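For ligands, and for the atoms within them, numbers begin at 1 and follow the listed sequence. Here the structure is a predicted model, which means the values were calculated and not measured.
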Amino acid sequence: MSFADRLIIKPGSKVNLAKHDPDETCGFDKDEAESRLDAHRKRLFELQELLYAENKHSLLVVLQAMDTGGKDGVIRHVMTGMNPIGVQITSFKKPTPEELDHDFLWRIHKAVPRIGEVGVFNRSHYEDVLVVRVHELVPRKVWSDRYEQINQFEELLSCNGVTIVKFFLHISKNEQLERLKARLEDPSKHWKFSHGDLDERKLWNDYQRAYQDAISKCSTEHAPWFIIPANRKWFRNLAVAEVLVETLEGLKMRHPKPAFDVAKVVLEE
Ligand code: ATP
Ligand code: MG
């Protein structure tokens, strides 16, 4: 069974996060995982070039996690395998007043990668059924209608050449505590510490429920969710890289045939 098969959430299944072990390593040890990740980074570089050359598909990678879950780490350790010229990373923060004056997908749609390119969402439209639900920023009816709206939006993208993969980096509450402590103990990490993260931590169970619903309702054939065991950073990075390589290889991309006769090209000395 491939990695992707082990970590994918089958459409229609009901997720219980308590049954997904954040310490899982699928039999790998750290050294093995790191050398495999190295090979995957090289392969990702080639696949991304092919994506660009073929110019038929784009890839959208959605990253979601609790605070300290490792979204930045995945971008640093996995996405750096790709050529920055074809990768666009977008971080979604609290919406601006202008963004709030539009539907919740307005800012998202604008950031979707064009054909041939890779887009990475550091947080995404899922915040609109996560933080927004947990903090009751809009009435229940409004956020509960969004799951279906998200599915339709993602289907529209998928029908227009966008391959979508969505990762939930799953850490335990205890692992988050350790990471927050590390941020406080290391002056070079103080900038990463936010008091807001402590308030959100108090709402851990509400967030887990909101994630369970989002993943259960929105893991579809055209835009699957993957739950990535993320307590061990080396395993998290490997698992994301594995799924990306498998996904891109699954597109069966080919270098385009040249529109000219190569044999007739004369290069002067
Ligand atoms: P991160 O925590 O993602 O690593 P950061 O620490 O640089 O990023 P923050 O300001 O802490 O930046 O994170 C972005 C904040 O914006 C989060 O608290 C997130 O919940 C919030 N946010 C994102 N999208 C929305 C939304 N649609 N509605 C309300 N809040 C949102
Ligand atoms: Mg933060």
Test Val165 against every option in Leu63, Leu59, Ile8, Val62 by the side chain to side chain contact (heavy atoms under 4.5 Å, CB included) rule and name the one that passes. Leu59
Is it the side chain (CB and beyond), the backbone, both or neither of [X] that lies under 4.0 Å from ligand 1, heavy atoms counted?
{"X": "Arg107", "answer": "side chain"}
{"X": "Leu130", "answer": "neither"}
{"X": "Lys71", "answer": "side chain"}
{"X": "Glu200", "answer": "neither"}

Starting from [atom], which protein heavy atom do you reach first, and at what distance in Å?
{"atom": "atom 6 (O) of ligand 1", "result": "Lys93 NZ, 4.7 Å"}
{"atom": "atom 26 (C) of ligand 1", "result": "Pro95 CD, 3.4 Å"}
{"atom": "atom 30 (N) of ligand 1", "result": "Val131 CG1, 3.6 Å"}
{"atom": "atom 14 (C) of ligand 1", "result": "Arg123 NE, 3.7 Å"}

Should the pair Lys202 and Trp204 be classed as cation-pi, given the thresholds of under 6.0 Å to the six-membered ring centre and 45° from the axis?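 Negative - Lys202 is either too far from the ring of Trp204 or too far off its axis.
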Tell me whether Leu7 is reachable from Ile164 by hopping between hydrophobic residues (I, L, V, M, F, W, Y) whose side-chain heavy atoms are closer than 4.5 Å.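 Cluster IDs for Ile164 and Leu7 differ.
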Ligand-residue contact atoms, ligand 1 with Val132, heavy atoms, under 4.0 Å: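 Ligand 1 atoms under the 4.0 Å threshold to Val132: 28 (N).
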Answer yes or no: does atom OH of Tyr52 have more than 12 heavy-atom neighbours from other residues, nucleotides or ligands under 6.0 Å? no
Among Lys94, Glu127, His125, the residue with a heavy atom nearest to atom 15 (C) of ligand 1 is Lys94
Polar contact flag for Asp197 and ligand 1 (N/O pairs, less than 3.5 Å): no
State which residue, out of Asp29, Asp21, Asp23, fulfils the salt bridge (Lys or Arg N to Asp or Glu O under 4.0 Å) condition with Arg232.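 The passing option is Asp23.
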Of the options Asp128, Asp72, Asp67, which is the one that meets Arg123 in a salt bridge (Lys or Arg N to Asp or Glu O under 4.0 Å)?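 Looking at Asp128, Asp72, Asp67, the match for Arg123 under the salt bridge (Lys or Arg N to Asp or Glu O under 4.0 Å) is Asp67.
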For the residue pair Phe28 and Phe3, does the interplanar ring angle fall in the parallel (under 30°), tilted (30 to 60°) or perpendicular (over 60°) class?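 Rings of Phe28 and Phe3: tilted, 30 to 60°.
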